[in-house]
Each structure stands twice: as C-alpha cells, then as structure tokens.
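Reviewing the structure listed below.
Atoms within each ligand, like the ligands themselves, are counted from 1 in listed order.
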Amino acid sequence: MLKRIQKQKDNHGSIAVPIYEGAAFEFDSAEEMEEAFLGKSGKHTYSRISNPTVEAFELNIQQISGAKNVLAVSSGMAAISNVFMTLASSGSNIVTSPHLFGNTFSLFLFTLKAFGVEVRFCNLLDEEEVKSRIDDKTCAVFTEIITNPHMEVVDLQSLASIAHSKNVPFIVDSTIVPWPEFCASNFDIDIEVVSSTKYLSGGGTTIGGLILDHENFDWSKSLRLQELAKSKGPKAFIHKLRAEIIRNTGAYMSPHTAYMQNLGLETLSLRFQKSSGTCKQLAEYLETVPGIVSVNYTGLVDNPFYTISRKQFGDRPGSMLTFCMKDKEACYAFINKLKIIKRATNLFDNCSLIIHPLSTIYGPLADEYKRMVDVPDNLLRLSVGLEDFEELKNDILQAL
Ligand SMILES: *Cc1c(COP(=O)(O)O)cnc(C)c1O
C-alpha cells in the first residue's frame, strides 16, 4: 500500500525524502527561468510557492486520500483560511454550524466578518433549516465530519446533495478521522481540509495543514471562480489557490514540517489501528465507571450517531472521546491527579492528552459566544495515544 513517492529520483539515490531546506532554486538560462515562473516546466523557483520536499508529501497525501490536487500549508487554520480566501468575497456568506473547532468559529465570526463575509450558523442536522439558510450569495456549506467536542455527525451525502442542488460547494474538515478510514470522494465532497498537526505529524512534532481538492464541483457556478472556470474548468479552484492565494498569504508548508509529516504518514495506519482500538475500549470502560456521568464516542452502539458514523467512518470513528463528570470542580480534581495522560491541548499525539475545553480552547470567548458554541462546563476531552489500554485505565482509576 505504501509508496514513498518523490517526483524524481534523488541525485544521490537517497531512499528517505531529503529535506530541501533552501529558499530559492537556480536556473541555467533566462529562458528556463521564464518557463519556470510561468509554471510551464513544473520546476521549483522559490520555497514560498513550491518545494521538492513539500511536493513529495503532497503527492503521498494525494495517493492515500484519492484527492485530485493537494496543497500543504503551515497549519490547519491556514488550510481553512486559505480555502475561504479563495472562495469567499465581500457580501458572500458561509452556511455552517456553531459547533466548530474554536479558531474556525472565531475565523468565521470575527476575522472574515471584517472583510464583509457573513457566517450563517444553523443546525446542520436539520436539513430544512440548512436549505432555508442557503441563498445565491452562499459561497460554501462547511462542516467538521465529527464535531469537536460535541461529537455530532451529519449525513455527509445528504448535505452534499443539498449544497449542490443550490450550486454551492461542500467543504469538510476531516481532521478527526484519517484516510483511508474516511474517504471524502464516497460522499460527493468538493474540498477537504485537514490539520496535519494531529494524526499525520506522528507524535505531535510539527504544525501543518492540508487542502484537498476532489475536482468535484462545477466552478462555473461559484460566485468567485466563475470567470476563471471558463479557462480552467475543474482546475479553477486549485489554480486560484496555487497561483495567487497561497503566494500572497505566504502560508506554504516548510520543508522540515513536510519531512516530519511524510514520516508520520508512513506509520499512520498502524498508529491509528492501535489508538482507535484503545479509544473504543476506553469509551466502553468509562461508561461503567461511577463518577463519570456520560461518555460521548460515536463508535458506541448506544450513541445517537452510531449508525451514520458507522456508515461514514466504519468501526473506527477516531481516537478522541469526550465525557462528562459531576461538575467543573470534579473535572479539575480528576485531571490534576493524572500521571500518564498529559494535561495538554492537541489531538492524536502518540501520548494521550486531556483538556477541559470550555476553560481553555473556548476560554477567551465572551459569554455570549460561549453560549453559542454550547460546550458544557463539566465536559473533558480525551485524545487517546499509543499507551496500552490497561495503563490508561489504571491512570484513570487512580485519579478518580
Ligand atoms: C486542530 C484543529 C484545527 C486547527 O489546526 P491547527 O493545525 O492547529 O491550525 C482545525 N480543525 C480541527 C477539527 C482541529 O482539531
């Protein structure tokens, strides 16, 4: 399954993808230079635009995800912001749920608002409501495939159909379940964004993000890209993103990050088998523990999203779960006593991590916005790593 792709054989025959850490690339002639700058030869010119190490990572991601085009960027947030800088414009709107990763919520509500882009929060589980919020100024319908930390799962195929029936692209953040467990092209998804900081970095080593274009949308219907679609057709989105947006925002991935995450990619499926298996075991175990009020993991048979989660993600819906204790004080007392599980943000490190989301990720939000995101005060989020089940179980037991 694993192929270690490099666009061309390394000069020295290095088997590992070398780190090309340089800023610029030299040419033999002015003519060759012109060709490269016009994008005609595929040669690299400057590492803000493209780089051999990053390109190798992009090609590997393309292979495992099935996407037609992949762009690697400096963080998950850079992936999301660059997608919307490509698609949104003043006067346009984004239809999404308020149940979002904290910075995505803040990007939509505060940052993009200053540029005249409106966010329309609605309940994405209510299809009639979604239909009623989309209009001819909607530039995208956006969702996380399993919302963090609410753990809601929308029917992706239905939402894609609704968006497409209104000529709107459907964009998902698929950070929570890695490929090939999750395959966006099965659900008619147009653009996928991923925080590669999580599963891919293989041990929380580096911050990175990915934009995956499935070339599924007819861009002649997009407000912003219809002109470009006349010449570029299905490549209109990736062309705008690569030739203009990423160069101007300067958010391209660094070669060192690409090296680390390429390495992470090679062990992704092994690590995910272990961590997601332990996560499910822990979810089942936590349901039986006194002091734990409720457990939220969509792989549990009694979870309200079990059926749709199984259909979309199989029996391994990620290595993250949330659970509720009596109150915030009980949560704090519990996490302060943990010895193996680390008190930290981030997801899918090789070490298990725990956090009280409301007081940290959502902590800086004013009360009115905290009410919108609706994260309970007695909720903890656990990201499960590669430790053995027994070890984690015993740590939890001694902390209770
Ligand atoms: C972490 C995360 C992000 C942001 O990614 P960064 O790499 O930290 O910028 C976006 N979406 C989800 C679902 C995440 O978990």
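- Residues passing the salt bridge (Lys or Arg N to Asp or Glu O under 4.0 Å) test with K280, sequence neighbours excluded: none.
- Listed by chain and number, S75, G76, M77, F101, N148, D173, T175, S195, T197, K198, G208, L347 each place a non-hydrogen atom less than 4.0 angstrom from ligand 1.
- Ring orientation note: the planes of F272 and Y199 are nearly perpendicular, at an angle over 60° on the 30°/60° scale.
- Listed by chain and number, the residues in a side-chain contact (heavy atoms from CB on, under 4.5 Å) with N350 are R271, L386 (sequence neighbours excluded).
- Side-chain heavy-atom separations under 4.5 angstrom define the hydrophobic clusters, and the remaining members of the one that includes F37 are F27, M33.
- The aromatic ring centroids of H164 and F170 lie 6.0 Å or more from each other.
- When each of T138, T96, D135 is paired with R120, the side-chain hydrogen bond (donor to acceptor under 3.5 Å, both in side chains) condition holds for D135 and for no other.
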